[in-house]
Structure formats: structure tokens, C-alpha cells
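This report refers to the structure that appears directly beneath it.
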Amino acid sequence: MDRTEFSPRHQALPDGVRRVREVLAERGHPHAPRMLDVPARTAQEAADALGVQLGQIAKSVIFRRRADEVAVLVVTSGDLRVDERRVAALVGPVGRADADFVKARTGFSIGGVSPVGHATPPVVLIDRALFRFGQIWAAAGHPNAVFPLAPAELSALTGGAPVADVTQPAPVSAPAVAPVQRPASPCINVCRMDARTGWCEGCLRTIAEIAVWSRLSAAEREPIWAALPARQTASKIDIHHAQD
């Protein structure tokens, strides 16, 4: 057991942290709560303070079950968002819980809700995504307090709470499109203008487009590039008609 964190200073710990410490000790967890030098009210703040990945922060999200006003605790990865529809499919319709509800049901304030040591036992769901990591960190009853554990230990500490997919699917990013490689100029020769079309016989640009070409950005040149195939087709038709 990591007894370095069971120092005599624990008498000065906030009530919520002491409660969590006692539960962890009773259940044989090898790590006591650790007090951070800075508050970690959000998963990102906790990850920054600990120097770990955002997903390693086991954030506790409280919902209010509409049928009986029971608190539903969803423990999920800090880099994901809970999908209320998935939660409702498992425990019944739920709604968001305000700060007063969270404090009354858990005994903790938002920003320090621990997965253990609640004033009233909640319905608990554990996000399967936490098992991506060998070690995770959970709040320990105060914004400055955390404790480490393995995802499997979380299930044991919460009385065998079920593990489920309870987060929103990650957005699918559009595949990266490689930029079109364009030559510096569509014409490698000296431009010779076609009197019939007003375009260069080689590059199919107008005299005005040729005059400003060197000052245009790549984005500004794209509409001209896009017009060239149609001009090429039109030029061939004009040649055919002239031959007739």
C-alpha cells in the first residue's frame, strides 16, 4: 500500500476527502487521495496538473433519474462526452443535475465529485473507454484532491458497477485532401493571343489574367485553372467550325 499519502496531515483534509480516504482504506485500495497544489475542477485542469493524458482523467458526471430522483453517476474519460440517450437506455430517462442536487445526493461539490464515498449510493455506470489506459485518476471529494487507480479497480470500488458504452461517438474527420500541385504558369511559351477567342493559344488565359497572374495567390488562381478545361473544349469547337 502507498502509505506515503496517509500522513498525519490527513486530519486537516476537507471532509469530502477524508470520507473518500476512509472508503478507499476500507476497501483495500493501495492509494490514498493526493492533494494537488492547484485546483482541478475540470478534467483538463486535472490532466495538466498531473501531467497525464486527458482521457486518463475519470470524470464523474451526475444525472437525475426522472422516475425516482435517484442520482446516476457516470464515470467517463475526460476526453469524451456522455451520451444521455445511451445512459437512459440503461437506467431509464435522465436529466441534468444542478449543483444543489449534486451536493445533496453525493455530499460533494461539482468539480470534486468522487466515484466513491457518496452520501447516498447512486446508480453507477462506468465508461468502457476508460479501459484504454492502464492507470486513470479520479476526483477524491475536493477540487484539489485526486487518487490513482486502474479501470478494473474502479468497477470493484463501486460495487461491481457495469461497464458500458455511454459516450458520444467520436466525430469522423473528413479525409485530408492533398493540395493540387500546379505549375507556376499554365503556359511554358510566350503567350500568343487568339483574336477569335481572346485567349492565349497555349495557356487559354485572357490578356487581363496573364497581366495579373504573378500577383495572384494560389487560391486566387484556382478559378482560372478551373475554367481552362471548358475553354479548351470551346477552342476545339471553334477550330472545327473554322475548318468547316
Side-chain angles (χ1 to χ4, degrees), residues 38 40-59 61 63 74-90 93-96 125-137 151 163-244:
V38 295
R41 292 184 174 85
T42 67
Q44 187 62 67
E45 289 174 345
D48 292 343
L50 292 165
V52 300
Q53 296 182 51
L54 180 57
Q56 287 180 265
I57 303 302
K59 62 182 180 183
V61 183
F63 294 92
V74 180
V75 188
T76 185
S77 283
D79 60 343
L80 300 174
R81 293 177 62 86
V82 176
D83 189 329
E84 290 186 32
R85 293 172 297 179
R86 289 185 170 183
V87 173
L90 296 169
V94 296
R96 286 286 178 176
L125 296 174
I126 298 173
D127 179 18
R128 195 184 310 278
L130 286 167
F131 287 77
R132 293 175 293 167
F133 306 99
Q135 184 183 65
I136 57 177
W137 292 81
V163 177
D165 295 316
V166 292
T167 53
Q168 298 176 3
V172 178
S173 301
V177 178
V180 178
Q181 298 298 316
R182 301 291 196 185
S185 170
C187 190
I188 60 174
N189 299 310
V190 176
C191 290
R192 185 173 63 181
M193 307 307 295
D194 187 321
R196 294 177 298 107
T197 63
W199 305 325
C200 167
E201 293 180 358
C203 68
L204 301 175
R205 291 175 298 173
T206 66
I207 191 67
E209 291 167 347
I210 295 169
V212 300
W213 186 262
S214 62
R215 299 195 300 272
L216 297 180
S217 67
E220 291 170 328
R221 291 176 179 178
E222 277 305 310
I224 301 174
W225 282 112
L228 298 188
R231 292 181 186 179
Q232 185 176 34
T233 300
S235 178
K236 291 179 179 179
I237 294 174
D238 286 343
I239 292 174
H240 177 72
H241 286 170
Q243 291 175 343
D244 290 345

Between Gln56 and Gln135, is there a donor-acceptor pair closer than 3.5 Å when you use the side chain of the first and the backbone of the second? yes

Partner residues of Ser214 under the side-chain hydrogen bond (donor to acceptor under 3.5 Å, both in side chains) criterion, sequence neighbours left out: none

Can you tell me how far the CG atom of Leu50 sits from the CD1 atom of Ile57, to the nearest 0.5 Å? 5.0 Å

Please evaluate residues Asp165 and Arg86 with respect to the criterion side-chain contact (heavy atoms from CB on, under 4.5 Å), reporting the C-alpha separation (whole Å), side-chain torsions for both, the decisive distance (0.1 Å), and the verdict. CA-CA 7 Å; Asp165 295 316; Arg86 289 185 170 183; 3.8 Å; yes

Given side chains that start at C-beta, do those of Val75 and Leu125 come closer than 4.5 Å, heavy atoms only? no

Distance (rounded to the nearest 0.5 Å) between Leu80 CG and Leu130 CG: 8.5 Å

Is NZ or CZ of Arg205 both nearer than 6.0 Å to the six-membered ring centre of Trp213 and within 45° of the ring axis? yes

Could you walk me through whether Ile210 and Met193 satisfy the side-chain contact (heavy atoms from CB on, under 4.5 Å) test, starting with their C-alpha distance in whole Å, then the side-chain angles of each, then the deciding distance to 0.1 Å, before giving a yes or no? CA-CA 11 Å; Ile210 295 169; Met193 307 307 295; 3.9 Å; yes

Is a salt bridge present between Glu84 and Arg96, judged by a nitrogen-to-oxygen distance below 4.0 Å? yes

With Gln53 via side-chain hydrogen bond (donor to acceptor under 3.5 Å, both in side chains) - residues at least two apart: none

When rounded to the nearest 0.5 Å, the distance separating CZ of Arg231 from OG1 of Thr206 is 6.0 Å

Does Arg132 pair with Asp79 as a salt bridge, N-O distance under 4.0 Å? yes

Drop me the distance from Ile136's CD1 to Phe131's CZ, to the nearest 0.5 angstrom. 7.5 Å

Residues at least two apart in sequence or cross-chain that pass side-chain hydrogen bond (donor to acceptor under 3.5 Å, both in side chains) with Glu45, listed by chain then number, are none

Is there a side-chain contact (heavy atoms from CB on, under 4.5 Å) between Thr167 and Thr76? Walk through the geometry before answering. CA-CA 8 Å; Thr167 53; Thr76 185; 3.0 Å; yes

